[in-house]
Colleague: 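Could you have a look at this structure, given as structure tokens, before my questions?
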Amino acid sequence: MILIFIFLAVLTIGIIGVAGKKYPCLGKLLINLCLLAFFFFAALCGMIVLAFTTPNAGIYSIFLAAAAVGLALLFSCLLWGVFRKKAVWIPTICFLALVLVSSGGYRAYECYLNSIPTVGEAEDLLLLYAPYGQNSKVVVLDEPATLRLSEEIPRLDGATALFPVYSAFARAVYPEEALADYLRVEGNQYRMNENPYLKCTKTANAYESIISGNADMIFVAAPSEEQAQTARDNGVELTFTPIGKEAFVFFVNAKNPIENLSLEEIRQIYSGEIMTWSELGADHLGEIRAFQRDEGSGSQSALERLMTGKNLIQPPTENRISGMGGIIKQTADYKNFKNAIGFSFRFYSTEMVQNNQIKLLQIDNVFPNTDNIENGSYPISSDFYAVTRSDANANTLRLLEWILGSQGQEIVAKTGYTPLAASGISD
């Protein structure tokens, strides 16, 4: 297509050049009109071609396409000798200069964005907590587990933020050979295999799996209304068993002077009632960039439950993050802009991401540490669950009972979550 366009450009300018020698005024008019038409057509063709061939090429690629077409036109003008006319070379040079300056400016802006730290998942995050991975960080009990399952092994799935704890459950209770193919070696690196007994497909997919019967137990936060309705529509009764507590936290750039927000201020930010940081006492940060997660994720559902009595604003596309590490867009991590605010769960943001470019906020003057979660003073603490079906098999129920016992709760605590109160733990 580009070659056809260049051929037509050369042919057209040649015809104009010949016509201009016989009818100078007509030639000059035709040259100006054709140049304008070519520039418009070039930009249009560039955008159409990019849209169908490289939909993620971005604005910078469009600039490059326009520059390439402009250079083709410049070559054509030189070839036919029409550059001696100011009516030709002045607009041509201006057009090329505009394209180059625009593309350079956009590229500079891209470099600026790339320089901003991101709050994203560490590379191969789940490998760090693989049951038998090299240098795995998964918790190992000091003594053999009191429960060992070798038949009808329950299939586990769940949220990314909870993977360290249910990976540890699997290592403690399941035979090693059941998890031996969880990792494979490629060169000098480990990669994950599909394992029937241990998966991490994230909250939304985990709920789908247990409703469809493809998982026996999932580890997640409370469901969204849509997820609960899907279970009802499919005639599936889910049982939610609390196995620990966790804090829902909000964080900002480490240089943001704000240290504390009230629950009402959080609701006002995410309902659009508070739009700028100056309304909260930080005059130099401008408009609040409030990131959200994808629908059905555990943290997005937590935010929706928090917004009681207020409507959650629809965020701009670039502020909607998918993947736990995005805010912590599978294509664009949460950018740690100075004016940004994001949310997650405490363990994930402090232990798994460990990004010192963010700081957790106090809510109603209470910091989200383990003590304040345990004593209930942090206002957005909630249980996380082992979710089973009402028709769960015997081994799934035995595993659930063990998780609620002393060894299971020891794993919860050693992993970094807040275990259930001692009165709720059975041996």
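All residue numbers refer to positions in the sequence shown, counting from 1. Since we're looking at a predicted model, the values are computed, not measured.
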Colleague: Give a yes-or-no answer on whether the side chains of Q292 and Q300 include a donor-acceptor pair shorter than 3.5 Å.
Modeller: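 Q300 and Q292 do have a side-chain donor-acceptor pair below 3.5 Å.
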Colleague: State plainly whether the residues E273 and R267 are in salt-bridge range, i.e. N to O under 4.0 Å.
Modeller: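 Salt bridge absent between E273 and R267.
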Colleague: Keeping the roles fixed (side chain from Y166, backbone from K199), state whether a donor-acceptor pair exists under 3.5 Å.
Modeller: yes
Colleague: Would you check if the side chain of T418 reaches a backbone N or O of I373 as a donor-acceptor pair within less than 3.5 Å?
Modeller: no
Colleague: Are F250 and F248 an aromatic pair by the rule of ring centers under 6.0 Å?
Modeller: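 F250 vs F248: aromatic centres under 6.0 Å.
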Colleague: Is there a donor-acceptor contact under 3.5 Å from the side chain of K338 to the main chain of H284?
Modeller: no
Colleague: Without swapping roles, check the side chain of Y174 against the backbone of L179 for a donor-acceptor pair under 3.5 Å.
Modeller: no
Colleague: Is there a donor-acceptor contact under 3.5 Å from the side chain of R389 to the main chain of I211?
Modeller: yes
Colleague: Side chain of S136, backbone of A130: donor and acceptor closer than 3.5 Å?
Modeller: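 Here the side-chain-to-backbone pair exists.
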Colleague: Do S278 and D283 have side chains that approach each other closer than 4.5 Å (heavy atoms only, starting at C-beta)?
Modeller: yes
Colleague: Any idea which heavy atoms bring D157 and A215 closest together, and the distance?
Modeller: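 That closest heavy-atom pairing would be CB-CB, 4.3 Å.
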Colleague: Would you call K245 and E374 a salt bridge, taking side-chain N to carboxylate O under 4.0 Å as the test?
Modeller: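 Looking at E374 together with K245, the answer is no, because their closest N to O distance does not fall below 4.0 Å.
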Colleague: For P368, is there any backbone N or O sitting under 3.5 Å from a side-chain donor or acceptor partner on N372?
Modeller: no
Colleague: Taking the six-membered ring for Trp, are Y417 and F384 closer than 6.0 Å centroid to centroid?
Modeller: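 When the ring centroids of Y417 and F384 are compared, they turn out to be within the sub-6.0 Å range.
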Colleague: Identify all side-chain donor-acceptor contacts of residues 217-225 below 3.5 Å with residues at least two apart in sequence or on another chain.
Modeller:
unit_1	atom_1	unit_2	atom_2	d
S224	OG	Q227	N	3.1
S224	OG	Q227	OE1	3.3
E225	OE2	R232	NH2	2.7

Colleague: Report yes or no: does E246 contribute a side-chain atom to a donor-acceptor pair with the main-chain N or O of F347 at less than 3.5 Å?
Modeller: yes
Colleague: Would the distance check show the side chain of N395 and the main-chain N or O of E151 forming a donor-acceptor pair, the cut-off being under 3.5 Å?
Modeller: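 Indeed, once roles are kept as given, a pair shorter than 3.5 Å links the two residues.
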Colleague: Using only atom types and a distance under 3.5 Å, with no angle test, would you say the side chain of R171 pairs donor to acceptor with the backbone of L141?
Modeller: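 Here the side-chain-to-backbone pair does not exist.
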